Amino acid sequence: MYLITMDALNKGMSHYVFVVYRNVIATVTLGPFAFFLERKVRPKMTARIFSQIMAVAFVEIILDQCFTFLGMKLTSASFASAVMNSVPSITFVLAIIFRLERMNIKELGCLAKVVGTVVSLGGAFLMTLYKGPVVNVAGSSASHASQPENVNDPTGSHWLIGACFLLIGCAGFSAFYILQAMTLRKYPAEMSLATWICFVGALQSSALTIFMEHDRPHAWSLGWDSRLLASVYSGIVTSAIQFYVQGMVIKTTGPVFVTAFNPLRMIIVTAMACIILSEKLHLGSIIGGVVVVIGLYLVVWGKAKEQKQVMPPLPEKDTQQGQQQLPVTIPRSDGNDNKAQLVIIGDKNNDVEAIRSSVEGQSQ
């Protein structure tokens, strides 16, 4: 998505228009599946749930997508994917604020999460403020004809502004994880929720695009090139499929675990951007990326250690004993008199006592 979108933006596509098309396509793609497959599990829509969906759509579509693509347009695809690695740390901080993660600084796991958060944020700021010399990679070149001015130029006037926009997008993306996890508690239909987010986000981004591009009506036009491909691919894969799968995983493991896989995006995008888009790779991005990954996996390791302490495995013997104490009512026939008797499955003494009491009652 980063590579295709960057090529579309380089060809003059408005990132505001791109966000609109992306979410419209995602809504049309995911809507029919959500309508038919979740008819029995989809809860009733209320005003409170819809207001939460509007908030989720705003932080994801407006803050995350609009600012991220604007920042990527002013910097580069590899730099944008690298800065987005600060999302797990920001998500962790927000999860503590909203009590989705517990905090006990005396525990080793919690201490690792805190240290990892600080290290990861430091790596993100290092990538933002320090560029360093260009690292020559096979396939990369010093210049690229299709790239706009100031892209990949650390001395460009728009580079720092683009980095700030990317950090705003990171904050919006982190807030999206948190709000999505909170909304799923009251609206536990992942596919329907993803459809609503894309639909409301399309309306919000349309209003913003009409305001921002009112003097450029031709900005809405698409051609048979990467502009159309970027809209279709991002709508189907990055919005529709990602939001649905992400919601399923968040519902099971929480928002912090989902963000643990972001460093893979940085590694893949940086390598492909240097080869395909001929982007410059700076030493600061490499060092900062390594620092971010180290901090991120400190957070993941700390969370895994906490989960082991909070949820110890139950002994097999205790589990079997618990299963043996389940009372089950069984109809039993004694002669012409049919009476239901309460017995304890798996406990022979209780079975004998229950049957004996029933027989004595019948004889009396």
Side-chain angles (χ1 to χ4, degrees), residues 1-2 4-6 8-9 11-32 34-35 45-74 80 84 158 161-162 164-180 182-183 187 191-223 226-244 246-247:
M1 188 275 292
Y2 275 105
I4 300 173
T5 303
M6 190 65 192
L9 297 179
K11 292 181 178 179
M13 185 177 187
S14 170
H15 67 282
Y16 298 108
V17 175
F18 168 74
V19 171
V20 175
Y21 286 149
R22 167 181 173 172
N23 288 281
V24 169
I25 294 174
T27 303
V28 174
T29 302
L30 198 58
F35 180 78
M45 179 62 67
T46 62
R48 184 172 182 179
I49 294 177
F50 187 74
S51 63
Q52 288 184 338
I53 292 176
M54 291 184 64
V56 175
F58 177 80
V59 298
E60 162 58 14
I61 310 303
I62 304 301
L63 292 185
D64 174 26
Q65 294 184 15
C66 289
F67 278 96
T68 297
F69 294 133
L70 179 58
M72 185 173 67
K73 190 175 183 179
L74 297 176
M84 291 300 289
H158 296 305
I161 298 176
C164 294
F165 287 153
L166 288 173
L167 291 177
I168 295 175
C170 291
F173 201 20
S174 300
F176 168 58
Y177 281 115
I178 300 299
L179 292 178
Q180 187 182 24
M182 298 172 65
T183 307
Y187 196 81
M191 196 176 298
S192 299
L193 179 61
T195 303
W196 274 110
I197 292 173
C198 294
F199 173 70
V200 176
L203 296 179
Q204 294 176 348
S205 58
S206 296
L208 178 63
T209 304
I210 292 174
F211 176 77
M212 298 298 297
E213 302 288 354
H214 64 278
D215 56 343
R216 297 178 61 235
H218 61 278
W220 294 89
S221 61
L222 292 176
S226 60
R227 292 175 294 176
L228 178 61
L229 177 61
S231 301
V232 174
Y233 181 85
S234 298
I236 296 177
V237 178
T238 315
S239 288
I241 298 179
Q242 175 184 312
F243 288 175
Y244 168 59
Q246 174 180 295

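Everything quoted here is computed from the prediction, not taken from an experiment.
- Partners of I25 under the side chain to side chain contact (heavy atoms under 4.5 Å, CB included) rule, at least two apart in sequence or in another chain, are T29, S231, V232, I236.
- To the nearest 0.5 Å, atoms OH (Y16) and CG (L70) are separated by 5.5 Å.
- What you find for L179 and T183 is that their closest heavy atoms are O-OG1, 2.7 Å.
- Around CE of M54, the count of heavy atoms belonging to other residues, nucleotides or ligands within 6.0 Å does not exceed 12.
- For residues 226-238, the salt bridge (charged side-chain N to carboxylate O under 4.0 Å, His left out) pairs, not counting sequence neighbours, are D225-R227.
- The CE atom of M72 sits 11.0 Å away from atom CD of Q65, with the distance rounded to the nearest 0.5 Å.
- In this structure, H15 and L9 have side chains that are in contact, with non-hydrogen atoms separated by less than 4.5 Å.
- Of all non-hydrogen atoms in M1 and S234, the two that sit nearest each other are CG-OG, 3.2 Å.
- Interatomic distance, M13 CE to W220 CH2, rounded to the nearest 0.5 Å: 10.0 Å.
- Checked against the 6.0 Å centroid criterion, the rings of F243 and F176 qualify as a close aromatic pair.
- The side chain to side chain donor-acceptor pair (under 3.5 Å) test applied to T68 returns D64, not counting sequence neighbours.
- When the side chain to side chain contact (heavy atoms under 4.5 Å, CB included) test is applied to T46, the partners found at least two apart in sequence or on another chain are R48, I49.
- Within the structure, side chain to side chain donor-acceptor pair (under 3.5 Å) contacts touching residues 235-244 (residues at least two apart or in different chains) are R22-S239.
- Residues passing the ring pair (Phe, Tyr, Trp, His ring centres under 6.0 Å) test with F199, sequence neighbours excluded: none.
- Closest approach of V200 to A57, counting heavy atoms only: CG1-CB, 3.9 Å.
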Under 3.5 Å, side-chain donor or acceptor atoms of residues 165-174 against the rest of the protein: list the pairs with distances, not counting sequence neighbours.
from: S174; atom 1: OG; to: V87; atom 2: O; distance (Å): 3.1
from: S174; atom 1: OG; to: T91; atom 2: OG1; distance (Å): 3.2
from: S174; atom 1: OG; to: C170; atom 2: O; distance (Å): 3.0

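- In this structure, the side chain to side chain contact (heavy atoms under 4.5 Å, CB included) partners of S205, at least two apart in sequence or on a different chain, are V19, V20, I61, I62.
- The shortest side-chain heavy-atom distance between Q52 and M182 does not fall under the 4.5 Å cut-off.
- Applying the side chain to side chain donor-acceptor pair (under 3.5 Å) test to every pair with at least one member in residues 207-216, sequence neighbours left out, gives these pairs: S14-E213, E213-R216.
- Qualifying side chain to side chain contact (heavy atoms under 4.5 Å, CB included) partners for A230, counting only residues two or more places apart in sequence or in other chains: I4, T5, A8, F18.
- Remark: Q180 engages Q246 in a side chain to side chain donor-acceptor pair (under 3.5 Å) (not counting sequence neighbours).
- Nearest heavy-atom pair, C66 versus L208, reported as atom, atom and distance to 0.1 Å: SG-CD2, 4.0 Å.
- Listed by chain and number, the residues in a ring pair (Phe, Tyr, Trp, His ring centres under 6.0 Å) with F50 are W196 (sequence neighbours excluded).
- Minimum heavy-atom separation, N23 to C198: CB-O, 3.5 Å.
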